[in-house]
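Indexing begins at 1, ligand by ligand and atom by atom, following the structure's order.
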Amino acid sequence: MTKQQYVRTKPHLNIGTMGHVDHGKTTLTAAITKVLAEQGGNNSYVAFDRIDRAPEEIERGITITIAHVEYETATRHYAHVDMPGHADYVKNMITGAAQLDGAVLVVSAQDGAMPQTREHVVLARRIGVEHLVVALNKADLADDEDLLDLVELEVRELLTRYGFDGDAVPVVRVSGLRALEGEPLWTHRILDLLAAVDEHVPIPPRRLDLPFLMPIENVLTITGRGTVVTGAVEQGTLAVGETVEVIGLGPAVTSVATGLETFGKPMERAEAGDNAAVLLRGVKRGEVRRGQVVCLPGSVRPHTRFRADVHVLSAAEGGRRTPFAANYRPQFHFRTSDVVGAVTLAEGIAVVRPGEAAELTVELGLPIAISPGLGFAMREGRLTVAAGTVTEVLD
Ligand SMILES: Nc1nc2c(ncn2[C@@H]2O[C@H](COP(=O)(O)OP(=O)(O)OP(=O)(O)O)[C@@H](O)[C@H]2O)c(=O)[nH]1
Ligand SMILES: [Mg+2]
């Protein structure tokens, strides 16, 4: 059977839903696909139980793994990652956020900003999500406009505090649940939200001229065909038949991309910004894994030591309550990877306290592809200890 080719008719963007647990991200994601499907065109409805479909997600009523859906507006094609809000799955949120051009921050109008609202905003800022649109969700439950105004003000202040332009960020009052149930007022609000995303999240410059690089988000086996790796292409282009290298975390693997797809549709060439699946010739499933990057052979070398600027999260942001000292060994999350690393503090500094900024030198337990400017998170157990940016690669 020959599958229909992916046709590039509109600019493609990667967005997603983030925010505190139960504020309505998955419901809103399903509602967006439903409202767009009813508008006609190429969109199809993705129901709630097809987004949160793992047995544990159904049983606990929360999102655990990230899920991708696809839709288009009049002017753009979107890949949308629905991220988990639960504090235990921030790791999966980071993997999702690392692929985004912009995000919808979902805040329940009933609860306002909560710890993971703040934590996600801090992480988004540091990991490179530059543009946010706020969905003030569950607006159907607020019978008082003053309350909505108050929550909106609080969210704008929070965004400004963490380096976004809180006054300019669009805040749209929505009800994912009522839109899903087909109520016209709330259906309209979903379209308003999408219009705000279309307008406010610019198409980022796609670095097509740089060597190909794609962080691996997932590894799949397709019976009879081989191993497929998926992820969002960070830079460059890749055509079917080209040689690639998979690097980081262990020995490099060289292979040839014998097939390329996006959302189940074959394509001849993947380019920066695409959500791609790459079929790797002769690679066994266990030879490659999440956290590695697929790249043009020889274009990047993995590293273990670097210097960074970090913001240490306070307890109210989902961080530690106590300081950490030299030789602290948290996990470091870069793009889709997470590896342990040992921290050295700047000379004369004995400890770093929650809420402070600091300069650190880090030695990772396994080498990964990093370069100056790359954002990362430092985590320990269920806490995000710090969010930072690489300032210098040492070796
Ligand atoms: N009244 C009302 N309830 C809503 C709305 N959106 C979501 N809910 C309810 O809120 C609960 C949580 O919704 P989800 O969509 O699973 O929330 P979530 O943000 O995806 O949760 P996690 O992914 O686990 O962080 C469910 O019971 C929804 O039916 C809304 O707009 N109005
Ligand atoms: Mg969810």
Does [X] reach the side chain of [Y], with side-chain heavy atoms less than 4.5 Å apart?
X: Leu136; Y: Val172; result: no
X: Glu234; Y: Arg207; result: yes
X: Val300; Y: Ile247; result: yes

Tell me whether Thr29 has at least one N, O or S atom under 2.8 Å from the Mg ion (ligand 2).
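So Thr29 does not bind the Mg ion (ligand 2) by this criterion.
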N, O or S atom of Thr63 closer to the Mg ion (ligand 2) than 2.8 Å
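So Thr63 counts as coordinating the Mg ion (ligand 2), yes.
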For Arg161, look at atom CZ and say whether over 12 heavy atoms of other residues, nucleotides or ligands are found less than 6.0 Å away.
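Buried by this count: over 12 neighbours within 6.0 Å.
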Which residue and heavy atom of the protein sit nearest [atom], plus the separation:
atom: atom 23 (O) of ligand 1; answer: Thr63 OG1, 2.7 Å
atom: atom 17 (O) of ligand 1; answer: Gly24 N, 3.2 Å
atom: atom 1 (N) of ligand 1; answer: Asp140 OD2, 3.0 Å

When you look for heavy atoms under 4.0 Å from ligand 1, do you find them on the side chain of Leu141, its backbone, both, or neither?
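Only the side chain of Leu141 comes within reach of ligand 1.
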Where does Leu177 meet ligand 1, judged by heavy-atom distances below 4.0 Å: at the side chain, the backbone, both, or neither?
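Both parts.
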Taking 4.0 angstrom as the limit, do [X] and [Y] come out as a salt bridge?
X: Asp52; Y: Arg60; value: no
X: Arg305; Y: Asp395; value: yes
X: Arg76; Y: Glu72; value: no

With a 4.0 Å cut-off on heavy atoms, is Phe48 in contact with ligand 1?
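Phe48 counts as a contact of ligand 1 under the 4.0 Å cut-off.
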Should you measure from each heavy atom of [X], which atoms of ligand 1 turn up under 4.0 Å away?
X: Val21; result: 24 (O), 25 (O)
X: Gly176; result: 31 (O)
X: Asn137; result: 5 (C), 6 (N), 31 (O)

Say whether [X], considering both its backbone and side-chain N or O atoms, lies within less than 3.5 Å of an N or O atom on ligand 1.
X: Asp52; value: no
X: Gly19; value: no
X: Gly85; value: yes
X: Ser175; value: yes

For the aromatic rings, using the six-membered ring if either is Trp, is the centroid distance between Tyr71 and His80 under 6.0 Å?
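For Tyr71 and His80, the ring centres are under 6.0 Å apart.
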Do the two ring centres, one from His12 and one from Phe263, sit under 6.0 Å apart?
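His12 vs Phe263: aromatic centres not under 6.0 Å.
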As a check for students: among [options], identify the option with a heavy atom nearest to [atom].
atom: atom 11 (C) of ligand 1; options: Arg189, Lys138, His23; value: Lys138
atom: atom 21 (O) of ligand 1; options: Thr27, Ile62, Asp22; value: Asp22
atom: atom 18 (P) of ligand 1; options: Arg178, Gln110, Met18, Lys25; value: Lys25

Please tell me if atom 27 (O) of ligand 1 is touched by the protein, where touching means a protein heavy-atom distance below 4.0 Å.
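So far as the 4.0 Å threshold goes, atom 27 (O) of ligand 1 is out of reach of every protein heavy atom.
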Within the side chain of Asn92, is there an N or O that forms a donor-acceptor pair under 3.5 Å with the backbone of Ile64?
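Yes; at least one donor-acceptor contact below 3.5 Å.
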Pair Thr17-Asp82, side chain to side chain donor-acceptor pair (under 3.5 Å): steps then yes or no:
CA-CA 5 Å; Thr17 31; Asp82 180 42; 2.9 Å; yes
Arg320 to Tyr328, cation-pi by 6.0 Å centre distance and 45° axis angle:
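Output yes; distance and angle both within limits.
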